[in-house]
Amino acid sequence: MGDVLLSIKNLSIEYHTDKAVVYAVNNISLDVRHGETIGLVGETGAGKTTIAKSILRVLPTPPAVVKSGEIFFDGDDLLKTSEHGMKKIRGNKIAMIFQDPMTALNPIERVGSQIAEAIKQHNKISRAEAERRACDMLEMVGIPGGRFSEYPHQFSGGMKQRVVIAMALACKPELLLADEPTTALDVTIQAQVLEMMHDLKERLGTSVVMITHDLGVVADLCDSVAVVYAGEIVEQASADDMFESPSHPYTIGLFGSLPQLDSTERRLKPIKGLMPDPTNLPAGCRFCERCPRAAGECAQAAPEMRETAPGHFVKCFYPGGEE
Amino acid sequence: MIRYVVKRLLMMIPILLCISFFVMVLIDITPGDPARLLLGNTATEEKIESLREEWGLNDPLPVRYGRFVWNILHGDFGTSYQTKRPVATEMFQRFPYTLLIAVLSLVLSVFIGIPLGVLAATHQYTIWDNVAIFLSLIAVSMPGFWFALLLIRYFGVVLAILPTSGIEDWKGWILPTVSLALGYAAIIARQTRSNLLEVIRQDYITTARAKGLAEGRVLYLHAMKNAIIPVVMIVGSIFGASLGGALIAEIVFSVPGLGQYTLSGLSNRDYPVIQGSVLILSGLYSVIILVIDLLFALIDPRIRSQYSSKREKIRKKGGVAANEAEEGVAAD
Ligand SMILES: Nc1ncnc2c1ncn2[C@@H]1O[C@H](COP(=O)(O)OP(=O)(O)OP(=O)(O)O)[C@@H](O)[C@H]1O
Ligand SMILES: [Mg+2]
């Protein structure tokens, strides 16, 4: 695998609402290499979407505030890049597949023109040419080109998701932020879409940040995995390592007791208890309350990220396999 | 689509019949005798009675209504009791004043209100937003006649650059237009702001940004087009209402418009004037609402698809089913 393409350093993001401050992302660091696919897993509200949006700088501001950190892409800090510079990166070098396909498309614009718009924005080509390419993109995701001039309400949820994917892939980005790209799809289409993304990755060397709840997707596509809990990365390792020897009690809980992946257990296992309220995070380890291993010190101090094996990082005082 | 328009236009006939019947009943149960009002207190009972007979006021209600409808169908709106001139002619003379004021004030208010609303929405939580909200709140809550009087005082009396009343040349239009536009602009600005705020929070706006589009394109092409629909509704209903004559402006500035005419018709119990005004205004209003609905359909394909005729719908459905079958095959 190549050099580092994206490097997030000590990123913290808060949402300042009328009532409270939501600590959505807390001091996260993450590297993505050229051609690497990294899986971001974690339960709902962990801050995965917030991380992805902050890379493209499309967080809603207000309420979102980037408190600290740097996001290096190709050596430049995106958080310091001008709006004009970002315009050339968004949709072109970095593209995002948004989580909810039902709301991600403009309801009053033709589906095809929404894709063509992205292509036209970043290529010096005629409108007709952009539309032709958009048509190709539609066909690539399995939608007949003849439906180019229909509107989103005429599409099913799965088809909308495929349009969103086509839009993100239209300019052949170097980095793809895929926020649960297959959740809205049925199983056959899911397989097709994953296949397509895999193919793209192989052909173009695209790096992918894959946000998902689906361990099958992680196993199939991801080179490495980062587990996100309450706005922190609690464990990070190569996918093989993660499946073989999960060390953080949260990861172990999530992945269940499955020693290797079989097809019946694809989904993350729910864990007892709730994630701490992001407006009021505990002082010590964030997982302490739900943790079967918690000891006195866990509630007092937050553990540091430690390398327990080469390339395997864990944020826990008592890491290790299941007892 | 055309079928829909024709259907809507045909629907106007029963609506207008109902409205005019309702107006006739109201007139019937309202105290006051037009003959007595015209002839004055000194007139003898016989004279009043013969006038009522001449106007046909002694006939039973259904007969009067039938006659009214019959005359309308022949293009006859009746003759004013007071002026003895045909109602149609008088309204035709006054309508241009009302129309011009309505159009001018609405155009002005759109040009002030929409940019102000956009400014406020795009600068939420900043001083701009607060200033815009504050201004529009003042403008909405200020009584129209009072603002009109203020305008007269400063531009008509203190500065003496504009006429205080009457319409002799183009200068006469300015104050009535401005006095009306202020309130309208405030309503439009508030509506624009709240819609746009709602729309720019939507996911598809984030999608548009994530494509690398310039902020202006995101705002005007993606956000405004979605946010404008309720604004069109508001503008349309203001327009419809102001065609009835902006009464206060017409009275304060002595503009010979429809509002004054209707008002004098009401106070004199001039039945043909009342009936004619109500009929024309409700007809115009229905047409405006239809135009608004068509505008909606033009902007929003979801609304458009509701209007497509049944035959088209069935064809579409067949098409979709065929497509889905195709997909099923492709998926297997
Ligand atoms: N616009 C917002 N205003 C206030 N709080 C927000 C906003 N968006 C997200 N949050 C909060 O930030 C936290 C992280 O949200 P985020 O959407 O990043 O979670 P996620 O990991 O993507 O969850 P999911 O798996 O459900 O998509 C949550 O607590 C959420 O309530
Ligand atoms: Mg999310």
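Just so we're on the same page: letters track the sequence lines, and every chain starts at 1.
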Against chain B, label [X] side chain, backbone, both or neither, depending on which of its atoms sit under 4.5 Å from a heavy atom there.
X	value
A:Asn106	both
A:His84	neither
A:Ala95	neither
A:Glu83	neither
A:Met86	neither
A:Leu105	backbone
A:Pro60	neither

Hey, are A:Glu117 and A:Lys120 close enough for a salt bridge, meaning a charged N less than 4.0 Å from a carboxylate O? no
Salt-bridge contact B:Arg304-B:Asp300 (side-chain N to carboxylate O under 4.0 Å): no
Which of residues 191-212 of chain B get closer than 4.5 angstrom to chain A, counting heavy atoms alone? B:Asp203, B:Tyr204, B:Thr206, B:Thr207, B:Arg209, B:Ala210, B:Lys211, B:Gly212
With chain B as the partner, which of A:Gly91, A:Ala104, A:Ala168, A:Ala170 has the greatest number of non-hydrogen pairs under 4.5 Å?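 Max contact count across the listed options: A:Ala104.
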Note: vs chain B, highest number of non-hydrogen pairs under 4.5 angstrom among A:Lys53, A:Glu109, A:Gln99 is A:Glu109
Taking ring pair (Phe, Tyr, Trp, His ring centres under 6.0 Å) as the test, write out the residues that go with B:Phe111, two or more places apart. none
Heavy-atom count around A:Lys201 NZ within 6.0 Å, excluding the residue itself: above 12? yes
Between A:Thr81 and A:Arg57, is there a side-chain heavy-atom distance shorter than 4.5 Å?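 A:Arg57 vs A:Thr81: side chains touch.
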Of all heavy-atom pairs between A:Pro181 and A:Ile165, which one has the smallest distance, and what is that distance? O-CD1, 4.0 Å
Verify whether one side chain among B:Ser305 and A:Tyr151 offers a donor that lies under 3.5 Å from an acceptor in the other.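 No, because no side-chain N or O of B:Ser305 sits under 3.5 Å from a partner of the opposite role on A:Tyr151.
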